Amino acid sequence: MSQLQEMMTVVSQREVAYNIFEMVLKGTLVDEMDLPGQFLHLAVSNGAMLLRRPISISSWDKRAKTCTILYRIGDETTGTYELSKLEPGAKVDIMGPLGNGFPVAEVTSTDKILIIGGGIGVPPLYELAKQLEKTGCQMTILLGFASENVKILENEFFNLKNVTLKIATDDGSYGTKGHVGMLMNEIDFEADALYTCGAPAMLKAVAKKYDQLERLYISMESRMACGIGACYACVEHDKEDESHALKVCEDGPVFLGKQLSL
Ligand SMILES: Cc1cc2nc3c(=O)[nH]c(=O)nc-3n(C[C@H](O)[C@H](O)[C@H](O)COP(=O)(O)OP(=O)(O)OC[C@H]3O[C@@H](n4cnc5c(N)ncnc54)[C@H](O)[C@@H]3O)c2cc1C
Ligand code: FES
């Protein structure tokens with residue numbers, strides 16, 4: 001399969017929470033963005049860093065040909081730190097959109113949808129919720145963060161229609177004190193579909209509680225190298241066929257819950 005690649009232009013960049021940056025990018029790759037949950041593979045301009053960084057698309061605006069990513073930076077030796085230094089007008093070598101995203105076409109207005117996100121796994125869930133809003137379904141969105149200073153996208157989710165939004169922080173500095181699994185355990189309705197992205201422990205808890213749910217969609221953020229299915233750096237076991245390796249970059253990052261052994 002031929003890969004799409006473009007030198008996209010940085011429109012804006014700002015720190016939206018502690019060490020978390022929002023970058024808006026412009027280019028024709030936005031025309032190809034289809035399913036929420038797909039990701040971009042960004043080259044770091046520092047030539048010493050050969051591997052691209054996979055970052056989820058948080059939202060897009062087809063008319064303006066822009067898309068937004070939110071990413072957490074590491075220390076000054078990391079590629080994400082380099083990316084955070086880019087100024088408006090800079091060009092970034094980007095491949096994408098890559099991977100299989102969250103299915104949304106099957107959702108109807110009568111569906112009760114549960115969305116569970118944790119930390120830096122929250123960004124792709126925003127475009128998902130924007131797409132689901134158009135269906136008229138009811139969404140309950142549970143978000144967990146380590147602390148208030150790393151809370152992201154609250155207003156954006158809050159401003160969508162038909163959304164009940166609950167937030168937990170590990171240290172109790174905002175919302176309910178504790179992890180997002182506590183919010184999940186308070187839910188008193190049967191979800192028709194559940195979409196989730198976040199830390200492995202959170203995904204495991206969600207997968208365990210909802211293992212009988214057919215429409216359970218889990219986005220995995222495994223370590224990657226090529227990002228296009230060529231190197232096997234990102235494999236997960238296929239629960240339905242032990243002899244088969246699932247490549248997160250190509251077969252995912254979104255999988256049906258029943259496919260994964262978490
Ligand atoms: C599908 C997908 C979507 C993601 N979406 C987001 C997002 O929206 N926002 C965000 O902040 N992070 C996201 N991540 C995680 C992000 O890719 C890593 O945090 C980032 O690559 C780390 O790079 P670095 O330059 O900070 O660290 P470095 O230590 O410089 O990275 C070294 C190498 O390891 C890889 N690597 C290190 N940690 C990870 C990781 N957790 N996942 C994948 N590769 C890693 C890097 O890509 C790079 O190749 C996503 C990961 C995947 C797989
Ligand atoms: S990152 Fe190379 S196969 Fe997935």
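In each ligand, atom 1 is the first atom listed, and ligand 1 is the first ligand listed. Predicted model, so just to flag it, every value in this text is computed and none were measured.
Between L51 and ligand 1, no N or O atom pair is found at a separation short of 3.5 Å. Among the atoms of P253, none of the N or O lies under 3.5 angstrom from an N or O of ligand 1. Between R72 and ligand 1, at least one pair of N/O atoms sits closer than 3.5 Å. Remark: ligand 1 and P54 share an N or O pair separated by less than 3.5 Å (distance only, no angle test).
In F39, the part holding a heavy atom less than 4.0 Å from any atom of ligand 1 is the side chain. In I73, neither the side chain nor the backbone holds a heavy atom less than 4.0 Å from any atom of ligand 1. For E82, no heavy-atom contact with ligand 1 is shorter than 4.0 Å. Contacts between S222 and ligand 1, counted as non-hydrogen atom pairs separated by less than 4.0 Å, involve the backbone only.
Remark: the backbone N or O of K112 is paired with a side-chain donor or acceptor of D192 at under 3.5 angstrom. Counting only distance, with no hydrogens or angles, the side chain of T169 and the backbone of E148 share no donor-acceptor pair below 3.5 Å. In terms of modelled atom types and a separation under 3.5 Å, the side chain of K258 and the main chain of L216 share no donor-acceptor contact. Looking only at distances, no side-chain donor or acceptor of N100 sits under 3.5 Å from a matching main-chain atom of Q38. Here the side chain of T80 pairs a donor or acceptor atom with the backbone of G74 at under 3.5 angstrom. The backbone N or O of W60 sits less than 3.5 Å from a side-chain atom of E127, completing a donor-acceptor pair.
Given atom 26 (O) of ligand 1, the protein heavy atom at minimum distance is T80 OG1, 2.5 Å. Nearest non-hydrogen protein atom to atom 41 (N) of ligand 1 is E221 O, 4.2 Å. The protein non-hydrogen atom at the shortest distance from atom 3 (C) of ligand 1 is S56 OG, 3.2 Å. Nearest protein neighbour of atom 10 (C) of ligand 1, counting heavy atoms only, is I120 CG1, 3.3 Å.
The residue among R52, R53, R223 with a heavy atom at the shortest distance from atom 38 (N) of ligand 1 is R223. Residue T78 holds the heavy atom nearest to atom 29 (O) of ligand 1 of all those in I57, I55, T78.
Within the structure, the closest approach of L70 to ligand 1 falls below 4.0 Å when heavy atoms are considered.
By the 4.5 Å heavy-atom criterion applied to side chains, Q259 and I218 are not counted as neighbours. Contact of the L153 side chain with the L143 side chain is not registered, since no non-hydrogen atoms from C-beta on lie closer than 4.5 Å. At least one side-chain heavy atom of L125 sits under 4.5 Å from a side-chain heavy atom of L128. Residues Q5 and H41 are not in side-chain contact: their nearest non-hydrogen atoms beyond the backbone lie 4.5 Å or more apart.
Around atom 4 (Fe) of ligand 2, the protein atoms of type N, O or S that sit closer than 2.8 Å are C234 SG, C249 SG.
Side-chain atoms of N162 and E133 form no donor-acceptor pair, as typed in the model, at a separation below 3.5 Å. Between E6 and T28, the side chains place a donor N or O and an acceptor N or O closer than 3.5 Å (distance only, hydrogens not considered).
Looking at residues two or more places apart in sequence or on another chain, you find no salt bridge (Lys or Arg N to Asp or Glu O under 4.0 Å) involving D171.
Put simply, atom 43 (C) of ligand 1 has protein non-hydrogen atoms near it, under 4.0 Å away.
Of the candidates I141, L132, V254, L132 is the only one forming a side-chain contact (heavy atoms from CB on, under 4.5 Å) with Y195.
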